[in-house]
Amino acid sequence: MYDLEKVFATLLHLQSPSSIKNRIFSFKNKEAVRNGRGQLLSAKNNLVQVSKTCTHWTPNFYLNSRSYCTKDGVVGGHSEKNLSQINLFVVDIDSKEKEFTEILLDALDFCFFPTVILETAKGYQALYALEEPLYITSKTEFRTLKIAKLIS
């Protein structure tokens, strides 16, 4: 069994909960994502707790000052203009035509190995965690965001 706190801490470059100034969003299912109904999280221990009941979460941080969650669970602020830190990239493979091992062999061809591959209802998600997070700021004219968009 994996230590989820360590997994999330590694994938998201989380430090102690008090050092988190930005937010992550979590959702119980895909329908909740579509309807914008979820939770706003600020610490890795919160993410570990909800990971037992949620199926979707944002791997990158959004500005706390522009994120919100209403009393009835409507969340907002998880938009590109509110993105503050990129921790990982996700490749969504909506097919089960290839086996898990074939995905790894394809990655070998490109010398670009996923950190984690998750099986989903429709296929797989390959997660590529960055060694260091990419910070998005106006000081750099959002250059990091522009580069991230080229990658994804």
Side-chain angles (χ1 to χ4, degrees), residues 1-17 19-20 22-64 67 69 73 75-137 140 142-152:
M1 191 71 168
Y2 294 104
D3 180 340
L4 287 176
E5 188 166 335
K6 286 182 181 177
V7 170
F8 287 128
T10 301
L11 288 176
L12 303 180
H13 300 283
L14 295 174
Q15 305 304 318
S16 66
S19 71
I20 304 299
N22 300 311
R23 300 296 181 112
I24 298 170
F25 295 86
S26 72
F27 303 90
K28 290 189 185 244
N29 52 48
K30 198 160 200 155
E31 186 68 23
V33 175
R34 285 189 206 110
N35 294 329
R37 294 195 174 271
Q39 292 179 290
L40 197 53
L41 308 174
S42 61
K44 65 183 171 187
N45 57 348
N46 291 342
L47 188 55
V48 170
Q49 287 174 324
V50 301
S51 69
K52 296 171 181 127
T53 59
C54 74
T55 61
H56 292 72
W57 49 280
T58 57
N60 300 314
F61 288 130
Y62 295 85
L63 296 169
N64 186 23
S67 303
C69 181
V75 293
H78 51 294
S79 64
E80 182 181 288
K81 66 181 180 183
N82 198 23
L83 195 57
S84 64
Q85 178 179 324
I86 297 174
N87 300 302
L88 58 90
F89 291 95
V90 178
V91 176
D92 195 14
I93 304 164
D94 282 335
S95 171
K96 290 200 176 182
E97 288 181 20
K98 288 190 175 193
E99 293 292 323
F100 174 83
T101 51
E102 291 178 278
I103 295 170
L104 287 175
L105 289 173
D106 287 346
L108 181 62
D109 289 342
F110 293 102
C111 297
F112 196 58
F113 298 100
T115 308
V116 176
I117 297 177
L118 303 173
E119 186 173 2
T120 66
K122 293 185 178 179
Y124 299 94
Q125 286 187 341
L127 281 61
Y128 294 87
L130 303 177
E131 285 186 26
E132 295 292 326
L134 299 174
Y135 297 99
I136 299 169
T137 67
T140 61
F142 304 99
R143 183 176 52 226
T144 304
L145 182 58
K146 293 172 189 171
I147 293 169
K149 287 167 82 173
L150 291 172
I151 294 169
S152 63

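Nothing fancy with the numbering, it's 1 onward along the sequence. As the structure is a computational prediction, the values presented were derived from the model and not from experiment.
Note that the CG atom of Asn82 and the CZ atom of Phe61 stand 13.0 Å from one another [nearest 0.5 Å]. Annotation: the span from Arg34 atom CZ to His56 atom NE2 amounts to 8.0 Å, rounded to 0.5 Å. With rounding to the nearest 0.5 angstrom, the CD1 atom of Ile117 is 7.0 Å from the OH atom of Tyr128. A distance of 9.0 Å separates CG of Leu108 from CG of Leu104, quoted to the nearest 0.5 Å. Rounded to the nearest 0.5 angstrom, Thr144 OG1 and Lys149 NZ are separated by 13.0 Å. To the nearest 0.5 angstrom, Ile103 atom CD1 is 11.0 Å from Gln125 atom CD.
Each of Thr140, Thr137, Ile136 was compared with Leu145 under the side-chain contact (heavy atoms from CB on, under 4.5 Å) criterion, and only Ile136 meets it.
Side-chain N or O atoms of Asn87 include one that pairs as donor or acceptor with a backbone N or O of Pro59 at under 3.5 Å.
Heavy-atom minimum distance, Cys54 versus Phe27: CB-O, 3.0 Å. The two atoms that bring Gly38 and Cys69 nearest to each other are O-SG, 3.8 Å, heavy atoms only. Here the shortest heavy-atom pairing between Leu83 and Asn60 reads CD1-CB, 3.7 Å. Listed here is the closest heavy atom pair of Thr55 and Lys30: OG1-N, 4.0 Å. For the pair Leu88 and Ala129, the tightest heavy-atom approach, listed with the atom from each and the gap, is CB-CA, 3.6 Å.
A search for ring pair (Phe, Tyr, Trp, His ring centres under 6.0 Å) contacts involving Phe113 returns nothing, not counting sequence neighbours. For Ser84, the side-chain hydrogen bond (donor to acceptor under 3.5 Å, both in side chains) partners at least two apart in sequence or on another chain are Asn22. With sequence neighbours excluded, no residue forms a ring pair (Phe, Tyr, Trp, His ring centres under 6.0 Å) with Phe142. For Asn35, the side-chain hydrogen bond (donor to acceptor under 3.5 Å, both in side chains) criterion is met by Glu31, not counting sequence neighbours. Looking at residues two or more places apart in sequence or on another chain, you find a ring pair (Phe, Tyr, Trp, His ring centres under 6.0 Å) between Phe25 and Tyr62, His78.
Residues in residues 95-104 take part in these salt bridge (Lys or Arg N to Asp or Glu O under 4.0 Å) pairs, two or more places apart or across chains: Lys96-Glu119, Lys98-Asp106.
Between Tyr124 and Leu118 there is no side-chain heavy-atom pair separated by less than 4.5 Å.
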